[in-house]
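Single-structure report; data block below.
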Amino acid sequence: MELFVSEGNPHCLKVLSALEVTGVQCAVHYVNHEERVVPFLSRPALPALLLPSGEYLFSPNAICRYLFEVNGQESSEHSNQWLEWDATDLQVSSNKIKTCFSILCTVLSLFSTPSYTNCSDSASACCQKGHKSIELHVFSSYSPKDSVCQSAAQKVLQGKGLQGLKSYLQRQPAPQSSQCRDTEPCNINLCVVSEKDVEAAALTWSKNLNADPLATDKRHPILPQEGKRNVLVTSALPYVNNVPHLGNIIGCVLSADVFSRYGRLRGWNLLYICGTDEYGTATENKAREEGLTPQRICDKYHAVHSSIYDWFQIDFDFFGRTTTQKQTEIAQDIFWRLHKNEFLVEDTVDQLRCEACQRFLADRFVEGICPYCRYPEARGDQCDKCGRLINAVELKEPQCKVCKQTPVIRSSKHLFLDLPKLETQLEEWLEETTSTGDWTANAKQITRSWVRDGLKPRCITRDLQWGTPVPHPDFKEKVFYVWFDAPIGYLSITANYTDKWEKWWKNPHQVELYNFMAKDNVPFHSVVFPCSLLGAKDNYTLVNHLIATEYLNYEDTKFSKSRGVGVFGDMAKDTGIPSDVWRFYLLYVRPEGQDSAFSWADMALKNNSELLNNLGNFINRAGMFVTKFFEGCVPVMELQQEDKKLLAVVGWELQQYIQLMDRVKIRDALKHILNISRHGNQYIQVNEPWKKIKGEDTERQRAGTVTGVSVNISCLLSVMLLPYMPTVSQTIRDQLNAPQSCISTMLHGTFVCALKAGHRIGTVSPLFQKLEVDQIEALKKRFGGQQGDKVRELKAQKAEKAVITAEVAKLLDLKKQLALAEGKSSEPVPQKGKKK
C-alpha cells in the first residue's frame, strides 16, 4: 500500500495517526497539494491510499477505518459517532464562519483535560479559515503524553508550526458564492433602484441616438491607431490534425469571438487572429495513419477547420496557418536573438527510440503510465489526467504508438531555453501584468505553481522532420519543438495578414493583448512564450489579459472520437439545430470557474425555457402587439412611475452586462440579458395590454405605453445579443427595422428610446423552435458512443446473427458519419488477415 499526503494539510492528521497506531506497513509519499493522485478524479484529493488491488481510497475517514480493519481492529461505537459528526456537521460547515466558531466551542467543551482547552484562543483565531484549521489545532494541542497525535501533527506541519498550515490554506480556492449558481437563472429581484436612479433613467430615455452610427464594415488591414483602444485578440491555435469538438470550440475560438464582437461594438480598434497549428508530431502521426504527406494532411484539415468555424459564425479578422515562410523567418529570428543574448544552452538528453521504427520517438508518438498519477494513457510530454508536464523517459511501461513495441533509451544533443536565467525578468513582468490585467483565477494559479516550483531549462528542439528547421549548423537535422514554435504562429499569421505586423506585435505601449485558451495551454502562454520574447529583447507585445477556461465534458464522460462520444465539428450542423442555439448553450455552460458538462437534456431545457419561453416569447409578443394593435407603428408612450422604474432596472442590468463583458465574464453577462427579458415578460403580464387595448382611451393609452416600452427593450436585447447570437440579433433588428445607430448608443451603457412613436417595424415572426423530447433522445443516442458497447454485449450473449448484423450496420453508419465529419473517406479500409 502507498499513502499520499501533503504538507500542512489537516485532512492528513487522522490518517497518519491511524497509520502509527495500527502499525500497518505502508509507504508514505509527500506530494504537492495540487497533484491529482487519484486518476479518475478531476480535482486533487489528499490524503489518498493506493490499495494493493490498484483501487484508491480518498476519504480520510474511510482510510482510517480501512487501516484499523487491516490490523484486525473494529471501530468502536464512540469512534463511529465522532466520524459521523465530523462528516455531517464539521465538514459541511467549513465556509460558515459563525457556525464554525460555535462548533469549535462545542468541540473544546467535550474534552476534560486542560491541555485541550488551552488551544481555544489560537483555534478561534483561525476559525475564519474553516474546519480544516480547527482539526489541526485540536490535534496539535494534545498533551505531550499523546505522542501518536503529536507525531502526526509534526509530520503534517514538517517542523514549520502554524506556518505550514498557512501555506496550505493560502492555496485553497475561495468559497463559492451561494448567489447566482451556474445552473440557475440570476435572481431578478437583486436590483434595487433609488428614486434618483429612476429619474435619471427617465431622463436618459428621452435622449436621442448617437448621430454617427458605428461603422460595421471592416477596412483591412486593421492597424493600431493613435488615441484609440487598440486590442489584439488571439485564440489558441487548434491542432490541424483533429476535428474540434464542442469543448475545443468553447474553450478558445467561440469565447474569443464573443469578446471580439463585443469589443468592436464598443468602438475598440480590434484585431482577432487565429489559425491552425500545423507542425509537429501530431501531424506526422496523422499523415502516417492516412497515408498522406504532412503537407496534404495540413491542407485537408485546415479546410475542415475553416468550414466548421464558418458555420459557428466565428468572425476572425484573419484565419491563417503556421506552415508558412513567415513562420520560419520570425521563429528563426527569435531563435538567433535568444542565442545572441545567451539564453540558450546545449545539453545531451535521454530520449526514447523505437528500434522497430528506426527513429527517436517524439512526445506524441509514445504513451505510458504517468509517473505522478498513474494514468495509463499519459503522453510523452504531458498527462491529460493530472496536467503535469513530463519527460517521455519518465513514463512507466512506455509504448511506441505506431508499432506498440517497447522503445529503448538513447542519448541526443538538444538546445534548451534557459528559463532559470530569465526567471527574474519573468517574475517582474508577471507581477505587473497579473495585477493590472484581467487574468482568470486558474491562469494565475497555474502560473504561480510553475514559478513557485522553480523554472528549469526547457528543450526547444526535436528529432523530427516536419517542423520549422533549426538554423544552427550543429542542429541542422532538428526542428523546433512545437511549444517553442506554435505561439510564434500568432506573429507569423499576423505577418501573413499584413506586412505591418510589427505595429501590433512590437508595440507594447499602444496595444493590449488578450490570449484565449483552455487551462492546459496556460504555462506555455504565461511562462515559456513570454520568456522567449523577453529573452529576444526586441520590444515584443506581451500578453496583458490571459483568459483560460476549465474543461467542458460531454454528459458524464469525456469527448472521444474513437468511441464516437460527443459532438465534433460539423456534426453540430447535421443535428438541424441552428448555430446560434449551439453558441447560446455553449456560452451558457461555459466552464469559467470550474469544469462543466454538455448535456442534451439541459440543452433542450435551456432552449425551451430561456430562449423560447423567456427571450423569444417577450420579443415576439412586443412586436406582435405593435403589428396587431397599432398597425405596425410604435405608439405614443406616456411614462408612469412603474415604467420609469422598469427603465432603471433594465439600465442597471445593462450596466452589469457591460462591466462583466469588459472583464471577460462572458457566461455571467449572458444571464443579465435573460434577466431583462424576464423583467419584460413580467411587465407585460402585470399590465395586460391585450385587455387594455379594448378599454377606454386611458386604458388604450396605457396599452400603447407598455407596448412601446416593450418593443424598445426588445431593441436593446438585440444589441446585447449580438456577440452571442449574431444571426438572431440581426433577425430581431430586421423585424423591428431598428436604426443602425442603436448599437453604438446602447453598448456605451445608455438605454434610450431607439424606436420613437411613429416608427414602423417590419414583419414579426417567432425566433426559436421547441426541441422535442424524442428529437433530443435520438441525438443523445446518436452521439453517446453506446452502439459499440451494444454490439459487444450482443456477441457476448451469443445473440442471433441477424440481430448482431443489424446493430453492426448501425455502428458502421455512425463511424461513417464520424469519418465524413473529419473529412475522411467513408470507404472502409481493407483489413489485414489476423494472425493465428
Side-chain angles (χ1 to χ4, degrees), residues 1-84 86-87 90-91 131-132 135-136 138-140 142 146-160 164-165 168 171-172 367-378 383-388 390 394-398:
M1 291 190 294
E2 297 180 65
L3 177 64
F4 298 87
V5 296
S6 60
E7 178 186 312
N9 185 346
H11 294 302
C12 301
L13 280 166
K14 67 182 73 170
V15 172
L16 290 170
S17 297
L19 186 64
E20 190 162 343
V21 169
T22 58
V24 173
Q25 295 299 310
C26 177
V28 179
H29 304 287
Y30 286 85
V31 296
N32 289 332
H33 305 302
E34 297 87 359
E35 195 158 315
R36 294 179 184 175
V37 174
V38 185
F40 51 81
L41 292 181
S42 61
R43 54 175 177 76
L46 293 171
L49 182 66
L50 175 61
L51 304 180
S53 62
E55 297 176 329
Y56 287 86
L57 294 178
F58 46 88
S59 161
N61 292 350
I63 294 172
C64 288
R65 281 179 167 166
Y66 180 82
L67 292 174
F68 276 96
E69 288 177 9
V70 167
N71 195 42
Q73 299 175 245
E74 292 186 4
S75 300
S76 66
E77 184 62 26
H78 185 65
S79 296
N80 288 335
Q81 289 176 3
W82 269 101
L83 291 174
E84 182 179 355
D86 173 60
L90 182 59
Q91 293 186 27
H131 80 278
K132 302 180 182 75
E135 189 172 344
L136 183 61
V138 171
F139 266 77
S140 62
Y142 268 94
D146 291 310
S147 57
V148 170
C149 297
Q150 285 283 353
S151 174
Q154 289 301 317
K155 288 177 181 176
V156 170
L157 296 173
Q158 294 283 289
K160 297 179 181 179
L165 170 65
Y168 169 80
R171 297 174 189 175
Q172 302 311 297
E367 280 186 349
I369 299 172
C370 174
Y372 300 104
C373 72
R374 292 169 174 73
Y375 178 59
E377 298 177 9
C383 175
D384 285 337
K385 193 66 180 177
C386 69
R388 292 286 293 269
I390 52 182
E394 296 174 333
L395 290 172
K396 312 275 188 187
E397 301 179 19

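No experiment lies behind these values; they were computed from the predicted model shown.
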Leu50: side chain to side chain contact (heavy atoms under 4.5 Å, CB included) partners, not counting sequence neighbours: Glu2, Phe4, Tyr56, Arg374
Heavy-atom pair of closest approach, residues Tyr30 and Lys155: OH-O, 3.2 Å
field: Ser6 to Val31 - nearest heavy-atom pair and separation
entry: CB-O, 3.3 Å
- request: Let me see the working for Leu51 and Leu57 under side chain to side chain contact (heavy atoms under 4.5 Å, CB included), right down to the final yes or no.
  value: CA-CA 8 Å; Leu51 304 180; Leu57 294 178; 4.2 Å; yes
task: Could you tell me the separation between the SG atom of Cys370 and the CD atom of Glu394, rounded to the nearest 0.5 Å?
output: 9.0 Å
- prompt: Under the side chain to side chain contact (heavy atoms under 4.5 Å, CB included) criterion, do Val37 and Cys373 qualify, and how do the steps go?
  reply: CA-CA 5 Å; Val37 174; Cys373 72; 5.8 Å; no
- request: Identify the two heavy atoms, one from Leu395 and one from Pro398, that lie closest to each other, and give their separation to 0.1 Å.
  value: O-CD, 3.7 Å
Intermediate values then yes/no, side chain to side chain contact (heavy atoms under 4.5 Å, CB included), Leu67 and Val21: CA-CA 9 Å; Leu67 292 174; Val21 169; over 6 Å; no
field: Separation between CZ of Phe68 and CG of Leu19, rounded to the nearest 0.5 Å
entry: 10.0 Å
Closest heavy-atom pair and its distance - Val15, Pro47: CG2-CG, 3.7 Å
query: Is the closest side-chain heavy-atom distance between Met1 and Leu49 below 4.5 Å?
result: yes
- request: Can you measure from CD1 (Ile369) to SG (Cys383) and round to the nearest 0.5 angstrom?
  value: 11.0 Å
statement: Closest heavy-atom pair, Tyr372 versus Ile390, reported as atoms and distance to 0.1 Å, is CE1-CG2, 3.2 Å
